[in-house]
Protein chains: 2
Amino acid sequence: MTAALTLVGKGRHFASLGIREVTRQAGVVPTSFYRHFRNMDDLGLQLVDELGLVLRRMMREARANVLQADKLIEESVAIFISHAQANRSFFLFMAQGLAGESRAVQEGIRSEMRFFASELANDLRRLRLVDHLTDQDLDMTCDLVVRSVAFSLTDLLGVSADDDYQVEQIRKRTIRFLQLIFVGAAHWQSGG
Amino acid sequence: MTAALTLVGKGRHFASLGIREVTRQAGVVPTSFYRHFRNMDDLGLQLVDELGLVLRRMMREARANVLQADKLIEESVAIFISHAQANRSFFLFMAQGLAGESRAVQEGIRSEMRFFASELANDLRRLRLVDHLTDQDLDMTCDLVVRSVAFSLTDLLGVSADDDYQVEQIRKRTIRFLQLIFVGAAHWQSGG
DNA sequence: TATCCGTGTGTACAAGTGTTCACTAATGTG
DNA sequence: CACATTAGTGAACACTTGTACACACGGATA
């Protein structure tokens, strides 16, 4: 699995990886592959599971560091970006998988995103920042937030990790996106 | 190019297509490929160019059909969905290319999206619906709109084209996303 | 009419592919 | 100690792959 991620990190697309290629990168003979996976789709699915762990770690850190409501967006985005940079290959895999070849992987990633969105909704409810929204509207808002961040992720993965200027631009833009969404949420139904 | 799109439409990922595979689908001998393209990346780039045409046609139809401001979002989303269904393979290619293997294709698609967003900004300015926004804020709003729609596109491509119920769900959700964004835009700076 | 030029063909080759099978070395369990 | 399980090995198979080359046809041009 690490070998596959490494190759993805080097710019390859997961869908174009072959068994021999992955085992070669892993420094192991091709037949060993079958000791662990039935095929590449299977490997992809197990990567999705690990991706879930990465996302949960990120949520935990966000919850620990975002104590008060102001700067909530800024802090969260910063944490997100730092995790995305630290696990570049993982997030590359996630971005690729969203439109990938394996329906199962696709559905897995989508489901991780839904989980993430619902956790976000819980947190916001707990902070009592959105009491005027119905549960359904809050879910929608969080869904939109997660999608926007996911899209920013593809921006981020498109620039080199040490291009500080570009990363900063992406950070600022993502923050403004989220601010715009939350302004919308604040005036939802009452103002719209 | 049609052959490549056909294969993508059948669920394959563009990055995993080979020259022989494409020419086989085209009903032509492998060597003929080189008469038209230098390699698969080259083919991808030419597909991006054609994608531009598809998007422009879509914009033209939207401008022709969205006459008055109310129902603007509903109509636009409907037109978008019908185009996405009618050119399923093209939009699949677009969704794949965003996180694809070829940096050039990636950049090409991104650039088409930026163009789309800027055209949208022009239209909104012309309709004088957003006079209170600075040009920069309007651009950001349109960027977010285009991204949200693009993400809905991946939802749409994930369900079968004739699953009316699911398509309807996606349509409604996309509309609500855009409404939320525009409520945010309406109260931007004044309300945020 | 003769001559290009764009497109497609057939053959060929070296390299890479997924998958199988029988074998081996290390590990932990009774 | 003997034994089962796990992870890795190496050879072999039948294909598939990208790419090169010389060749053939048909329509446009001179």
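Computed over heavy atoms, backbone and side chain alike; hydrogens, waters and symmetry mates excluded. We name chains A, B, ... by the order of the sequence lines, and we start the count at 1 in each one.
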Look only at the side chain of B:Gln106 and the backbone of B:Gly97, and say whether a donor-acceptor pair between them is shorter than 3.5 Å.
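Answer holds: no.
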Tell me whether the OP1 or OP2 atom of C:dT19 has a side-chain N or O from A:Tyr34 closer than 4.0 Å.
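True: A:Tyr34 side-chain N/O within range (under 4.0 Å) of C:dT19 OP1/OP2.
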C:dT17 phosphate, OP1 or OP2, under 4.0 Å from A:Arg24 side-chain N/O
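Yes.
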Does the side chain of A:Asp163 pick up a donor-acceptor pair with the side chain of A:Ser160 at under 3.5 Å?
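Not at all, the side chains of A:Asp163 and A:Ser160 share no donor-acceptor pair under 3.5 Å.
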Do the side-chain N and O atoms of B:Ser16 and B:Arg12 include a donor-acceptor pair separated by under 3.5 angstrom?
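Yes, B:Arg12 and B:Ser16 have a side-chain donor paired with an acceptor closer than 3.5 Å.
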Using a 4.0 Å heavy-atom cut-off, does A:Val29 contact any base of the nucleic acid, only the sugar-phosphate backbone, or nothing at all?
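Base contact - A:Val29 has a heavy atom under 4.0 Å of at least one base atom.
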Classify the nucleic acid contact of A:Arg38 as base, sugar-phosphate or nothing, counting any heavy atom under 4.0 Å across all strands shown.
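Contact class for A:Arg38: none.
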Out of [options], which has the shortest distance to the side chain of [X]?
| X | options | answer |
| --- | --- | --- |
| B:Ser32 | D:dT9, C:dT9, D:dG18 | C:dT9 |
| A:His36 | D:dA12, D:dG8, C:dT20 | D:dG8 |
| A:Glu21 | C:dT7, D:dG18, C:dT17 | C:dT17 |
| B:Thr31 | D:dC21, D:dT19, C:dG8 | D:dC21 |

Are B:Val29 and B:Leu17 in one and the same hydrophobic cluster, where Ile, Leu, Val, Met, Phe, Trp and Tyr link if side-chain heavy atoms are under 4.5 Å apart?
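Cluster IDs for B:Val29 and B:Leu17 differ.
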Assign each of B:Gly27 and A:Arg35 to its nearest nucleotide of DNA chain C by heavy atoms, then name whichever residue's nucleotide is nearer the 5' end.
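Upstream on the strand: B:Gly27.
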Take atom CZ of A:Arg20 and atom C1' of D:dA11, then tell me their distance rounded to the nearest Å.
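After rounding, the gap between these two atoms is 11 Å.
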